[in-house]
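These numbers come from a predicted model, not from an experiment. Proteins come first, then strands; the chains are lettered A, B, ... in the order of their sequence lines, and each starts at number 1. Note: hydrogens, waters and symmetry copies are ignored here, and every other heavy atom, side chains too, is used.
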Amino acid sequence: MPEGPELHLASLYVNRMCDGVVFAGPVRKSEVSKNPDVPFTCEAYRITATSRGKEVKLTLTPIKSDDSKQTVKAGQADQPVDIVFHFGMSGYFRFTPEDELHKHAHLLFYSKEKPCRVLSFVDTRRFGSWHPNVSWQPNRGPCIMFEYKSFRENVLSHLSDRAFDGPICEVLLNQKYFNGIGNYLRAEILFRLNIPPFVQARTLLEGLESEDVFENERSTTGMKTSDKAKKKGGKPDLLRLCHTVPLEVVNLGGKVYDPETADYSGFETWLQCYSVDGMKSIQDHKGRTIWFKGHPGPMVPKGSRSPKAKKRSKKEEDNDYTDKKKVAQSCSETTIKKRIKQETVTKTPKNYKDPRPKEIGSKRGKTEKAGEVSTPQKEKKSTARRRKSSSAEPLEGSQRKSGRVTRQNSK
DNA sequence: CGTCCACGTCTAC
DNA sequence: TAGACCTGGACGG
C-alpha cells in the first residue's frame, strides 16, 4: 500500500533489518524486470535507506578495509551508490533467507553471512521502478511529512500555477506539490475537514497563511494550542492535514507495513473514509476512485451524476464552497466522527484478520447501486465505456451490501 | 470460469 | 485524457 507513509515505513524497515548486516557481491535483478541493472559489486558493503514523499533511496556503502593497501579490485565499488525507488502499486522491501525469496522479488541484495539472507525489492505488479546513481526525482515536490515547511511554501507560492485549476481531490495527487499523497490519503484528508472533493483547489488554498499557526504544536496530543491557533479557531488547515494525517499512518507502525505478519487490520481500522462502508465514491476525471462523504462539489466530472443527497442528518450545514473561509472552518473533526459513527451500518467482525499482501480496499460492491450501470473502467478506462451517467449514484442505504469483508467504521 | 478492482506513474494520440 | 504497464484477490455465475 504505497503512499508516503508506507514508503517511509519501508525505509525504517530497511534500516532496522539491515543494521549491522554486511552485504557482498553484485546486486542482482530478476529476469523479468525491465528496470535498469544496478552496476554495483563489492566484497563488503552496508545498506541504509531514506524516504522523501513517495520515493525511497537506498544507499550502498562499501566498507573500507583496514588494510593500509586500499587496493580496489577492478570492478569493485569503492564509493557509495544511491538507488531511488518508486513503489508503484505494489512495491515493498523484504529481508529474508535466500531460500524464502518472494516470487516477485525483482532486485536482490545478498548478505555475506553463511546462511545468506537477501534484501529484496518485491513488486508483484511491476509498476514500480528504480534508478541507480540518481537522487530524488527533480519534478517532485518536498515531502509532505518531513519537509513540511517547504512543502507548504511550495504550494502557497505557486497557487497561480494552472495545476491548481482543478478540483482539490485531483490536485492532491499531483506529486509536484503533494509528494506523498495518494488515493487513500486524499480521501482521508478531505474527509477530516468535510471538504467536498470537487471544489477547486485554488479556491480552498488561497485563504491559507504561509505560516502554519500550529507549527509549534504537539499535533498528536495537542493539548496546548498556541494563541495564534486559537484565534484561528483551533483547527488545522488543509495543508497541515496533508502533513499530520500521513504521520498518523507512520505512527501506526508495523500495523501498516509489516511484511512479516502481513497484518493490516490496524490500518483498515484507521481508515475513516477510503473504502469504508457507508461512504460515497465516484471516479474522478482520471478514472480514479475518490471516496468521500456529503456533497461531491461543483467540479464533479460530467456524466457522473451527483450523489443523491443523503438524508444528511441534522447539522449538515449547506456549505457554500465558493467561500474559502467557510470551507476552511467547516465542521470539526469530532463532529464528523460522531456523525459517521451514527450512520455506520454494519460492523466488522472484530476478529477479522486481513490475510494481507493483498491490496487494500479491494473488496467489492460497496458503493454501486445494486443494479446500477456503474461503469467499470479499471486503471485503464476501457475504451468506449466511459463512465456514463452513473458511477456517482452512491449509496442511499440500499446498496452497500454489507458483504463480509467490507470495511467500515467498526468500534 | 470470467469480471471487476487495486495504495501509481508514464507516453503518446 | 486515453491507454499501457502488470498480477492476483474477491465475487458472481
Side-chain angles (χ1 to χ4, degrees), chain A residues 1-10 30 32-35 53-56 84-92 102-106 122-131 137 139-140 144 166 170 172-176 178-189 245-246 249-250 252 256-257 262 264 267-268 270-271 273-276 281-291 301-303 352 354-368 370-387 390-391 401-407:
Chain A
M1 22 193 314
E3 294 182 23
E6 290 75 23
L7 279 274
H8 180 65
L9 288 164
S30 73
V32 66
S33 176
K34 293 172 182 168
N35 281 308
K54 241 180 265 183
E55 298 183 302
V56 166
V84 171
F85 290 79
H86 292 174
F87 281 17
M89 295 284 269
S90 57
Y92 60 95
H102 189 282
K103 176 183 173 186
H104 293 289
H106 294 302
V122 178
D123 184 10
T124 302
R125 296 182 68 182
R126 273 183 279 147
F127 291 173
S129 63
W130 61 77
H131 300 279
Q137 202 174 263
N139 49 334
R140 304 183 74 109
I144 50 165
E170 294 173 19
L172 284 176
L173 294 183
N174 186 337
Q175 303 299 298
K176 183 175 176 184
F178 297 90
N179 188 6
I181 302 292
N183 204 23
Y184 79 72
L185 283 172
R186 69 170 176 170
E188 296 299 317
I189 290 164
V245 172
V249 180
V250 169
L252 291 175
V256 182
Y257 191 87
Y264 280 63
F267 173 69
E268 301 209 330
W270 175 85
L271 290 172
C273 180
Y274 179 86
S275 193
V276 169
S281 72
I282 58 179
Q283 310 301 121
D284 67 17
H285 290 94
K286 296 207 176 90
R288 299 260 265 155
T289 301
I290 173 69
W291 290 84
K302 294 224 163 40
Y352 168 62
D354 190 28
R356 229 25 190 13
K358 84 180 179 231
E359 299 160 62
I360 61 172
S362 54
K363 342 341 161 115
R364 288 234 267 152
K366 272 179 290 270
T367 288
E368 293 73 18
E372 211 54 324
V373 213
S374 149
T375 313
Q377 87 186 34
K378 352 185 150 205
E379 279 127 16
K380 46 165 107 201
K381 8 212 110 210
S382 10
T383 329
R385 46 223 305 251
R386 280 273 30 174
R387 83 192 119 264
S390 65
S391 5
K401 47 184 76 200
S402 56
R404 27 165 138 308
V405 210
T406 50
R407 256 214 43 62

* Give the rounded distance in Å between these two atoms: CZ of R126(A) and P of dA4(C). => 17 Å

* Under 5.5 Å between ring centres and under 30° between planes: true for F127(A) and the base of dT9(B)? -> no

* To do: Using a cut-off of strictly less than 4.0 Å, decide whether R125(A) has a side-chain nitrogen or oxygen near OP1 or OP2 of dC5(C).
  => no

* Structure fact -> Scanning both residues in full, the closest heavy-atom pair of D123(A) with G91(A) reads OD1-N, 3.7 Å

* So which heavy atom on G182(A) is nearest to which on L173(A), and how close? -> C-CD2, 3.5 Å

* Considering only the P atoms, how many Å lie between dC13(B) and dC5(C), rounded to the nearest integer? -> 13 Å

* To do: Mind listing the closest non-hydrogen atom pair of S90(A) and R125(A) along with its distance?
  => OG-N, 2.9 Å

* Kindly express the pairing pattern of DNA chain B in dot-bracket notation, using | wherever a base pairs with another strand and counting only Watson-Crick or G-U pairs under 3.5 Å. => ||||||.|||||.

* Between K103(A) and dG8(C), is there a side-chain N or O to OP1/OP2 distance below 4.0 Å? -> yes

Using nucleotides 10-12 of chain B, report all nitrogen or oxygen pairs with the protein that are shorter than 3.5 Å.
from, atom 1, to, atom 2, distance (Å)
dC10(B), OP1, H86(A), ND1, 3.0

* Asked: So, for L172(A) and F178(A), which heavy atoms are closest and what is the spacing to 0.1 Å?
  -> O-CB, 3.3 Å

* Interatomic distance, Y92(A) OH vs dG8(C) P [rounded to whole Å] -> 11 Å

* To do: Let me know the distance between CZ of R288(A) and P of dA4(C), rounded to the nearest Å.
  => 18 Å

* Looking only at side-chain N and O atoms, does Q175(A) come under 4.0 Å of OP1 or OP2 in dT9(B)? -> yes

* **Side chain proximity check, E6(A) to F87(A), heavy atoms < 4.5 angstrom** => no

* Could you give the distance separating dG9(C) and dT9(B) at their C1' atoms, to the nearest angstrom? => 23 Å

* Could you tell me which residues satisfy side-chain contact (heavy atoms from CB on, under 4.5 Å) with S33(A), sequence neighbours excluded, listed by chain and number? => K29(A), S30(A), N35(A), H106(A), W130(A)

* Take atom CD of E6(A) and atom P of dT9(B), then tell me their distance rounded to the nearest Å. => 12 Å

* To do: In whole angstrom, give the distance that lies between atom CD of E55(A) and atom C1' of dG8(B).
  => 12 Å

* T289(A) versus Q283(A), closest heavy-atom pair with distance -> OG1-OE1, 3.1 Å

* Value in whole Å for how far the C1' atom of dA4(C) lies from CE of M89(A) -> 13 Å

* Gap separating the OG1 atom of T124(A) from the NE2 atom of H102(A), nearest 0.5 angstrom -> 4.5 Å

* **Whole-Å gap separating C1' (dG8(B)) and OH (Y274(A))** => 12 Å

* To do: Can you tell me the distance, in whole Å, between the CZ atom of F87(A) and the P atom of dT9(B)?
  => 12 Å

* **OH-CD1 distance between Y274(A) and I290(A), expressed to the nearest 0.5 angstrom** => 9.5 Å

* Asked: Any side-chain N or O of T289(A) less than 4.0 Å from the OP1 or OP2 oxygen of dA6(B)?
  -> yes

* Please state whether the phosphate of dA2(C), meaning OP1 or OP2, lies under 4.0 angstrom from any side-chain nitrogen or oxygen of K286(A). => no

* Asked: Minimum heavy-atom separation for L185(A) to G180(A), with atom names?
  -> CD1-O, 3.5 Å

